[in-house]
Amino acid sequence: MVAGGLPFKNTLIIIAGPTAVGKTSVSIDVAAHFGTEIISADSRQFYRGLTIGTAAPSELQLSKVKHHFTGNLQPNEYFNVSQFEHKVIDLLKDLFKTHRVVVMSGGSGLYIKAVCEGIDEMPDIDKGLRYELTSIYQKEGLPSLRKMLFELDPVYAGRVDLANPTRIIRALEVTMQTGKPYSSHLKSAGAGRDFNIIKIALNLPREELHLRISHRVDQMIEQGLIDEARAFYHLRHLNSLKTVGYKELFDYFDGKIPLDEAVEKIKTNTRRYARRQITWFKKDKEYNWMPPQSKTVITFLEESLGNPLT
RNA sequence: GGUAUCGUAGCUCAGUAGGUAGAGCAACGGACUGAAAAUCCGUGUGUCGCUGGUUCGAUUCCGGCCGAUACCA
């Protein structure tokens with residue numbers, strides 16, 4: 001346990017890492033050890049009902065440690081990083097009244113970053129605007145969008161990935177909505193936080209991680225992922241269901257691919273997702289990498305928290 | 001046991017009229033400020049089964065061996 005009365009600042013412990021590495025159980029051990037609660041930073045576990053496919057914490061696990069931001073949204077509810085940032089900061093204010101440390105665990109890098117550093121304020125965008133831009137993209141292709149971007153925000157056009165329609169549409173919708181170039185909204189000033197942050201990234205040798213992914217997907221199927229996905233089939237157009245483990249099964253339901261191929265694709269796409277996560281976390285040099293062993297993580301944290309410099 | 005075919009990247013296969021080889025998938029690396037489990041960009045990673053022979057040079061041609069498959073016994 002943390003020695004009482006030590007004058008360290010309130011601390012947010014972040015436990016990140018690729019999917020299937022074992023974040024959930026380590027986080028629960030860590031939170032239990034420090035007698036605190038867990039904030040989930042997982043952009044798919046927010047949604048109620050996506051339990052098997054997102055490997056959401058089990059009833060038993062939830063009964064051990066209180067979790068926030070798991071199953072708190074309906075699949076059709078709109079939610080974004082900025083909302084997450086504000087809600088988490090509010091929640092932390094509350095939690096730090098009674099806890100010296102709080103654990104945030106998850107694999108959504110952008111969401112974690114927003115909590116650590118803040119994200120620039122931008123107005124909400126009219127739904128119609130994105131729809132309009134998307135249909136321009138579909139009808140005329142990427143060149144038209146690029147042309148618009150070069151006219152409306154040459155600065156951003158100079159640094160954005162011009163092959164990525166999502167990025168360009170986002171920049172255009174903000175620019176058109178606000179009348180000011182998207183790039184002028186990007187200040188990346190970095191929100192000052194009045195709590196310490198300790199970042200931990202869990203990882204395993206790649207081969208081992210792939211084995212875990214394969215086993216976990218097989219388990220999900222055994223646990224009834226197919227039925228779970230079928231129950232959300234009618235919502236397949238929603239962003240929340242554009243998710244590994246569901247989209248592949250929707251293709252199976254549509255008769256596009258056989259079941260065994262869908263399962264293989266879930267595994268492949270999960271591996272790729274894990275790789276992207278590792279790439280993201282590697283870029284942030286503040287992460288302390290370690291194996292997914294609760295003991296190792298807790299020992300590291302005890303030392304870090306005991307050090308007044310942290 | 002005999003005959004035939006095959007053996008090339010992690011997998012499925014292409015190819016070299018003899019000058020050490022390339023596709024798809026997988027994998028790997030990267031980007032990414034309200035779609036982020038999304039979206040996008042990049043990269044061939046190889047004892048051409050083993051071993052002799054012919055040749056300036058063999059993955060390629062010839063012999064032997066090993067392995068796989070099919071058919072005949």
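Because the structure is predicted, anything quoted here is derived from the model rather than measured. The chains referred to below are lettered A, B, ... by the order of the sequence lines, with proteins before strands, and numbering in each begins at 1.
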Worksheet item: Hey, is the side chain of A:R170 poking within less than 4.0 Å of OP1 or OP2 on B:G34, counting only N and O atoms?
Response: yes
Item to complete: Just do the side chain to side chain donor-acceptor pair (under 3.5 Å) check on A:K267 and A:S214 with the steps written out, would you?
Response: CA-CA 6 Å; A:K267 291 180 181 180; A:S214 177; 3.1 Å; yes
Worksheet entry | P spacing across the pair B:G52 / B:A68, given as an integer number of angstrom | 23 Å
Worksheet item: Counting side-chain heavy atoms from CB outward, which of B:U33, B:U39, B:A26 is closest to A:M122?
Response: B:U33
Item to complete: Indicate, with a heavy-atom threshold strictly under 4.0 Å, whether A:T19 touches base, sugar-phosphate, or nothing.
Response: nothing
Practice prompt. Using a 4.5 Å cut-off on heavy atoms from C-beta on, say whether the side chain of A:I14 contacts that of A:I198.
Written response: no
Discussion item. Measuring only the C1' atom in each nucleotide, how far is B:A14 from B:A35? A whole number of Å is fine.
Written reply: 40 Å
Worksheet item: Salt bridge check: are A:R193 and A:E85 linked by an N-O gap of less than 4.0 Å?
Response: yes
Worksheet item: Counting only side-chain N and O atoms of A:R44, is one of them less than 4.0 Å from OP1 or OP2 of B:A36?
Response: yes
Item to complete: Quick one: label A:G109 by what it contacts on the DNA or RNA (base, sugar-phosphate, nothing), any heavy atom closer than 4.0 Å.
Response: nothing
Item to complete: Quote, to the nearest angstrom, the P distance that separates B:U51 from B:U8.
Response: 16 Å
Worksheet item: Does a nitrogen or oxygen in the side chain of A:T166 sit under 4.0 Å from OP1 or OP2 of B:A38?
Response: no
Fill in: Span that lies between the P atom of B:C25 and that of B:G44, in whole angstrom
15 Å
Practice prompt. Looking at every strand, decide which applies to A:R272 at a 4.0 Å heavy-atom threshold: base, sugar-phosphate, or nothing.
Written response: sugar-phosphate
Worksheet entry | A:K267 vs B:A26: side-chain N/O to OP1/OP2 distance below 4.0 Å | no
Practice prompt. For A:F84, report the nucleic acid contact type (base, sugar-phosphate, nothing); a contact means any heavy atom under 4.0 Å.
Written response: nothing
Worksheet item: A:K247 has a side chain; which of B:G34, B:A38, B:A36 sits nearest to it?
Response: B:A38
Item to complete: Please confirm whether any donor atom in the side chain of A:R159 sits under 3.5 Å from an acceptor in the base of B:A31, or the reverse.
Response: no
Item to complete: For B:G64 versus B:U20, give the span between their C1' atoms, rounded off to a whole number of Å.
Response: 24 Å
Worksheet entry | Separation of the C1' atoms in B:A31 and B:C50, to the nearest angstrom | 46 Å
Worksheet item: NA contact type, A:Y246, heavy-atom cut-off 4.0 Å: base, sugar-phosphate, or nothing?
Response: nothing
Discussion item. Regarding A:T54, tell me which of base, sugar-phosphate or nothing describes its non-hydrogen contacts under 4.0 Å with the strands shown.
Written reply: base
Discussion item. Is the ring pair A:F250/A:Y233 parallel, tilted or perpendicular, if the boundaries are 30 and 60 degrees?
Written reply: perpendicular
Item to complete: Consider the side chain of A:P165, meaning its heavy atoms from C-beta on, and name the nucleotide among B:A31, B:U33, B:C40 that approaches it most closely.
Response: B:C40
Worksheet item: Between A:D227 and A:R230, does at least one N-O distance fall below 4.0 Å, as a salt bridge requires?
Response: yes
Fill in: Touch class at under 4.0 angstrom, heavy-atom based, for A:H86 against every strand present
nothing
Practice prompt. Mind checking A:R275 for me? I need base, sugar-phosphate or nothing, with any heavy atom below 4.0 Å counting as a touch.
Written response: base
Item to complete: May I ask you to say what A:R271 touches in the nucleic acid, namely base, sugar-phosphate or nothing, with a heavy-atom cut-off under 4.0 Å?
Response: sugar-phosphate
Response to the item:
Judged by whether its glycosidic angle lies within 90° of 0, B:G34 is syn
Worksheet item: Below 4.0 angstrom, N of the basic side chain to O of the carboxylate: do A:R212 and A:E208 qualify?
Response: no
Discussion item. For A:R44 and A:T243, which I'm curious about, is there any donor-acceptor pair between the side chains at under 3.5 Å?
Written reply: yes
Practice prompt. Would you classify A:D42 as touching base, sugar-phosphate or nothing, given that sugar-phosphate means primed atoms plus P, OP1 and OP2, and contacts are heavy atoms under 4.0 Å?
Written response: base
Practice prompt. Indicate, with a heavy-atom threshold strictly under 4.0 Å, whether A:E121 touches base, sugar-phosphate, or nothing.
Written response: base
Worksheet item: Heavy atoms under 4.0 Å, any strand shown: does A:N239 hit a base, just sugar-phosphate, or nothing?
Response: sugar-phosphate
